Structures are given as C-alpha cells and as structure tokens.
Amino acid sequence: MEPAQYEQLTAEQAITYQQELRHQIKLEPLNKPVRIIAGSDISFNKYSEVVYAGIVLLKYPEMEIIGHATAISRTTFPYISGLLAFREVPALLEAWNKLEIKPDVLVLDGQGIAHRRRMGIASHFGVITNTPTIGSAKSRLFGRYEEPANEPGSQSPMYDRDEVIGIALRSKKNCNPIFISPGHKVTLEQSVEVIKNCLKSYRIPEPTRQAHILVNKVRVENSSNNSGIQQFDLFS
DNA sequence: GCGACAG
DNA sequence: ATCTTGTCGC
C-alpha cells in the first residue's frame, strides 16, 4: 500500500496493516559504519490539515549539519495514539524523496518497536523505505520501565512482558528521560550507542532537535500566507 | 467500567 | 503537536 492512500484507511484497517508490516521488521546490526545520520520531524498549526515535514542531514559523530529537505503537505488522518505513522509518514516520505543524499541511519521523533504491535513510526518508516531507523521519543507510549537514576547516561530497559523493547535514557540531569527503541535494520544496543553520540547539552539528540527547529521555521515562514503551499512572487 | 494514551 | 509568561531549580 502507498502512503498516499493512508488517508482512506479507518483506524481498524490501519491496525490490520500494522500487523502485516510488523513481520518485515529486521533488527540486525548496521551494515556499514555510520558516517551520515538524519533526524526528522513534523510541525503544524492547531486545527490545520497542513503539515510541514523536514529531515536534516548531519555528519556523524560531529553533528555538523550538511543538508536538509522539507515538504509541505496535508493530512486529514487524525492523531490517534498508536497510529501516528499514518498521519506523519506521507509528509515525511515527500521530504525523504527530496534528499540529495540518503543517511546511513534516520532518527524519528517517536517510538520504534516500543509499540504494542512493534510498529511505532520509526519501524514503519524504516520498513517501507528499507532504511535503518531509530525511534527517539520524548514520552512513553508502551512498555514498563523503572525510572533511570538522575545521572546523565543512566538507563533502564522497557519491557513488554519479559521482552526488552527499548530503553529509557537519562540524556540530561534533572530532565525527564527519552525513550529509545530500534526501528528497523539496527539493534537496540546500537540504537542506544548512536543516540548517546548524538547528545550535546540538550535533552533531545541533535538530529531530532535540529529537525524540530527546521520544521518550525518553515511553518512560521509559510503559514502567514493562507495557501499552505509554496508561494512565489512574480518579479519582486 | 476505569485509566493510559508517541506527536 | 500547538497556544504562551513567568518562574522555580540547577
């Protein structure tokens, strides 16, 4: 199924589709060393169907920005906990297709396999694009965990029954932890290692933090003109 | 039925 | 997610 058709799905059909996609997830070690990493995010105005998607490319582990791509799209698929991918993936894919260079791994703002059906947005995007992905969420969606110690680097596993599906990581002292889980084509251990190497002095890892800054800038610069799509002035 | 609930 | 000023704590 094409992401452009997600709009037509009912919540029930979306769940059925997740059940099919979950069988395609491969949590294997990364093929090659990470040289380029990317972060993605979405932004939108409240009550608006217009969504601003963006992906930022950075050198790893320097975290130097080397490029980006954005896309302005629309969606009517509502935000439903557990079905986030159906609302955000279509726009993210548009930005993804505009990238001049594809990263060795992509970090998405949300869960990977730390999801009831193991199909968080990171796993979903990774499977349909056949790309290594990592989920880095600001809050928990699913899974049980013990609060990690209040010390940078402290972590504790997230469980579904007796299965480890992610880790709660204290990325910064006195800040709530972030939730890391592999999306596709990467292991949980590598996911944690990569994210740790992406941390600066902020709670959020650089790829996702920069993507967030980018999409908000694009939104503010574009939502002033009522069209929702790129506007060009004839002559000037 | 009640509480939880990525962005 | 977005709307928003000040304010508490390290």
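Since this is a predicted model, take the numbers as computed values, not measurements.
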Scoring nucleotides 2-7 of chain B by protein non-hydrogen atoms under 4.0 Å (B base, S sugar-phosphate only, - none) yields --SBBB

With a distance cut-off below 6.0 Å to the six-membered ring centre and an angular limit of 45° from the axis, does R219(A) pair with Y52(A) as a cation-pi contact? no

Between K173(A) and S43(A), just flag the one whose closest nucleotide in DNA chain C comes earlier from the 5' side. S43(A)

Charged N to carboxylate O under 4.0 angstrom, [X] versus [Y]?
{"X": "D160(A)", "Y": "R118(A)", "answer": "yes"}
{"X": "D41(A)", "Y": "R209(A)", "answer": "no"}
{"X": "K200(A)", "Y": "E206(A)", "answer": "no"}
{"X": "R117(A)", "Y": "E20(A)", "answer": "no"}

Base, sugar-phosphate alone, or nothing: which one does H124(A) contact when heavy atoms must sit under 4.0 Å apart? nothing

Would you say N216(A) places a side-chain N or O within less than 4.0 Å of OP1 or OP2 belonging to dT2(C)? yes

Test your reading of the model: is there a side-chain donor-acceptor pair from S73(A) to the backbone of A91(A), 3.5 Å cut-off? no

In whole Å, I'd like the distance from the CG atom of N174(A) to the C1' atom of dC8(C). 12 Å

